[in-house]
Amino acid sequence: MAPNVQPKMKAFETKSKPAEIRSSNIEAAKAVADAIRTSLGPRGMDKMIQSGKGDVTITNDGATILKQMKLVHPAAKMLVELSKAQDVEAGDGTTSVVVLAGSFLEAAQKLLEKGIHPTVISESFQKASAKAVEILEAMATPMKLEDRHSLLMSATTSLGSKVVSQHSALLAPLAVDAVLKVIDPLKDHDVDLRDIRVIHKLGGTVDDTELVEGLVLDQRSAGSGGPSRMEKAKIGLIQFCISPPKTDMDNQVVVSDYNAMDRVLREERAYILNVAKQVKKAGCNVLLVQKSILRDAVSELALHFFDKMKIMVVKDIEREDIEFITKTLNCRPIASLDHFLPEYMASADLVESVPTGTSKVVKITGIQNVGKTVSVIVRGSNKLVLEEAARSLHDALCVIRCLVKKRFIIAGGGAPETELAYQLTQYAQGLPGVEAYCLRAFAESLEVIPMTLAENAGLNPIATVTDLRNKHACGFKSSGINVRKGAITNMLDEGVAQPLLVTTSAITLASETVRSILKIDDIVNALY
Ligand code: ADP
Ligand code: MG
């Protein structure tokens, strides 16, 4: 009898393995989605993340939470990638995308349990998400970049769910202005957020955050007796060092008598004085010096000369900031003393070292031929608030960038998801059997967004979502959950709007990830 049982068992094992792997993947990914569900929406909670080293982060941003989570399961890691993808694509909606993926997975799991083949589910979900994008595009309101009200509304909505939401009256217009200033009129369908330089400065409150038209350098002016304010500045940006070279580890210069020692010092002095004189001769009165890792870029002696010549020096400019600085000032970096010529320099009305928070920054304003960049100094009374403020500002900037890329807005507060659920269900009625079934499941799972918003706001989720569904069935497309009033209202009237791109990209990316999770039937450990 026994030999008969053996092969049967084996066949059974191999047959059930894909299903087991699939369900373990789904469970793992769902667990991640559940973990950040409570952060969704303006009444969502924040997370405190403690790193192995003891660093603490407080945040509400899905991408930031997931990035720092220590995950082992490979399917769970896919959700981290998903939220990163949304961060790159839209910048906002990083929590929503993961919550949606979790809900799609749950729907898929139920369909699998009914015996529907994973490929069929996957194809139906693809169809559903393509249709969803179509529906969203049809219901979106077109807008123009001149329409400041819509821009502000979207930025405020994005900031509304953050720790720093009470400062959105300041941060929202700031984000709008910053993005509008860096738009290139020739390529006005995208903006490079790298043209907005965000500087974090501890001290003061978030309300002290400011937008500076011009350039802000994180460094203070060097030297003690030299000028820290310069009107009618001629600015030179150098990439070479004004200091004696350091000898290599292996080489040594042994100076054994005093005369030789004096000669070395004299030579050094003469060399540095010559450099300083040439700088002065070129008409430069503000010198920016790139940081050098090999030695002090400007020696104490050189600083002394510059102080005497009334040349302001800002040293330790980071290599990666050079591009931004040259773009803003419209100058060229100078790589050697031979090229220290007036035409390589920039002019500005004022260069000034100003105290900001617990340290100082150098502000350059009134720049001639200023490039299309802006600087923002974000302030916060402690490191946690400061960093979250900067992250929230980044989300707001991304929202405006989305609107520059695709100029449509839709209502927030669960309105688009409910409308999608309603219209997709209707669309499913015209489809054949199994496909219709899968599409209906997909449609229903979209309601996780209004459901979660209601739950997080302390409302009765079932009652609220049912009410909302009725409203949409009656044709009120912009009805959503007003979490502040605890009622269902027209979200556009309430000023809760978001870019179309955030929602469409969340739905397409989430369904894409879910489809790839469904198609996995085995996990293989690699050798290396
Ligand atoms: P995400 O990281 O996905 O952007 P958020 O915590 O910012 O997550 O929450 C976004 C969700 O909250 C969106 O569905 C948006 O429509 C909704 N939302 C934002 N502000 C409001 C509001 N004032 N009332 C109701 N819903 C809102
Ligand atoms: Mg958001």
Side-chain angles (χ1 to χ4, degrees), residues 33 36-47 59-67 79 82-87 89-103 136 140 152-166 168 171-172 175 388 391-400 402 409-421 446-459 461 464-465 468 478-507 509-510:
I36 66 164
R37 253 189 81 179
T38 52
S39 302
L40 187 79
R43 286 285 161 86
M45 291 295 168
D46 303 325
K47 303 274 176 222
T59 185
N60 175 280
D61 188 48
T64 312
I65 301 170
L66 286 176
K67 225 184 296 167
L79 288 205
L82 168 65
S83 137
K84 273 192 206 157
Q86 173 78 3
D87 204 20
E89 184 70 21
D92 194 14
T94 49
T95 316
S96 313
V97 74
V98 176
V99 171
L100 276 175
S103 178
L136 283 173
L152 278 177
M153 198 155 77
S154 310
T156 312
T157 303
S158 153
L159 289 166
S161 50
K162 306 291 183 189
V163 185
V164 293
S165 62
Q166 73 269 30
S168 53
L171 295 180
E388 180 65 357
R391 275 193 292 271
S392 308
L393 180 68
H394 172 78
D395 273 22
L397 292 173
C398 287
V399 162
I400 307 298
C402 281
I409 55 169
I410 49 174
E417 291 83 5
T418 315
E419 181 65 22
L420 278 178
L446 283 166
E447 283 182 349
V448 70
I449 299 283
M451 193 76 97
T452 310
L453 286 174
E455 234 170 81
N456 289 349
L459 304 171
T464 316
V465 172
L468 193 57
S478 303
S479 288
I481 302 171
N482 188 333
V483 293
R484 295 193 206 290
K485 290 191 191 146
I488 289 168
T489 51
N490 183 336
M491 282 307 180
L492 289 178
D493 293 347
E494 300 286 333
V496 179
Q498 56 201 29
L500 171 66
L501 191 62
V502 171
T503 313
T504 51
S505 115
I507 290 176
L509 291 176

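Every number for a ligand or one of its atoms is a count from 1 in the order of the listing. Note that this is a predicted model, so its numbers are computed, not measured.
For atom 25 (C) of ligand 1, the closest heavy atom belonging to the protein is Ile481 O, 3.1 Å. The protein heavy-atom contact nearest to atom 5 (P) of ligand 1 is Ser161 OG, 3.4 Å. The nearest protein atom to atom 14 (O) of ligand 1, hydrogens excluded, is given as Ile449 CG2, 3.9 Å; this is a heavy-atom distance. When hydrogens are left out, the protein atom nearest atom 19 (C) of ligand 1 is Thr157 CG2, 3.6 Å; that is the closest non-hydrogen contact. The nearest protein atom to atom 13 (C) of ligand 1, hydrogens excluded, is given as Gln498 OE1, 3.7 Å; this is a heavy-atom distance. Scanning the protein for heavy atoms near atom 3 (O) of ligand 1, the closest one is Ser96 OG, 2.6 Å.
Here's the thing with Asp92: one of its N/O atoms is less than 3.5 angstrom from an N/O atom of ligand 1. Taking any N or O of Gly93, backbone or side chain, at least one lies under 3.5 Å from an N or O belonging to ligand 1. Looking at Thr95 next to ligand 1, an N or O pair under 3.5 Å apart turns up. Residue-to-ligand polar distances place Gly413 within reach of ligand 1: an N/O pair is separated by less than 3.5 Å.
Identified under the salt bridge (charged side-chain N to carboxylate O under 4.0 Å, His left out) test for residues 446-457, with sequence neighbours left out: Arg37-Glu455, Glu447-Arg469.
Taking CD1 of Ile488 as the reference point, atom CD1 of Ile481 lies at 6.5 Å (rounded to 0.5 Å). Between the OG1 atom in Thr452 and the CZ atom in Arg43 there is a gap of 16.0 Å [rounded to 0.5 Å]. For the atom pair His394 NE2 and Ser158 OG, the distance stands at 10.0 Å (nearest 0.5 Å). One finds the CD1 atom of Ile507 at 6.0 Å from the CG atom of Leu100 (value rounded to the nearest 0.5 Å). If you take OG on Ser161 and CG on Asn456, they are separated by 11.0 Å, rounding to the nearest 0.5 Å.
The side-chain heavy atoms of Leu82 and Leu79, taken from C-beta on, include a pair separated by under 4.5 Å. Put simply, the side chain of Asp61 reaches to within 4.5 Å of the side chain of Lys162, judged on heavy atoms. Inter-residue side-chain proximity for Ile65 and Ser39 is flagged as met; some heavy-atom pair is nearer than 4.5 Å. Between Ser96 and Ile449 there is a side-chain heavy-atom pair separated by less than 4.5 Å.
The ligand atoms of ligand 1 that sit less than 4.0 angstrom from a heavy atom of Gly412 are 16 (O). Residue Leu40 approaches ligand 1 through these ligand atoms, each under 4.0 Å from one of its heavy atoms: 6 (O), 8 (O), 9 (O). Every atom of ligand 1 with a heavy atom of Gly41 under 4.0 Å away is listed here by number and element: 5 (P), 6 (O), 9 (O), 12 (O).
Heavy atoms of Gly44 come nearer than 4.0 angstrom to ligand 1 in no pair at all. Residue contacts with ligand 1 do not include Gly160, since none of its heavy atoms lies under 4.0 Å from the ligand.
Of the possible donor and acceptor atoms, none in the side chain of Gln86 sits under 3.5 Å from a partner among the backbone N and O of Gly91.
Of all the heavy atoms of Val496, the ones lying under 4.0 Å from any atom of ligand 1 belong exclusively to the side chain. Counting heavy atoms closer than 4.0 Å to ligand 1, residue Ser39 contributes backbone atoms (N, CA, C, O) but none from C-beta onward. The part of Pro42 lying near ligand 1 is the side chain, judged by heavy-atom distances below 4.0 Å. Only the side chain of Asn60 comes within contact range of ligand 1, with a heavy atom under 4.0 Å; no backbone atom does.
Applying the side chain to side chain donor-acceptor pair (under 3.5 Å) rule to Thr503 yields the partners Gln498; only residues at least two apart in sequence or on another chain are considered. Residues satisfying the side chain to side chain contact (heavy atoms under 4.5 Å, CB included) criterion with Arg391, sequence neighbours excluded, are Thr57, Thr59, Thr64, Glu387, Glu388.
Taking 2.8 Å as the limit, the number of protein N, O or S atoms around the Mg ion (ligand 2) is 1.
For the pairing with Ser83, the side chain to side chain contact (heavy atoms under 4.5 Å, CB included) check across Leu509, Ile36, Val98 returns one residue only, Val98. Among the candidates Leu159, Ile410, Ile409, the single residue satisfying the side chain to side chain contact (heavy atoms under 4.5 Å, CB included) test with Ser154 is Ile409.
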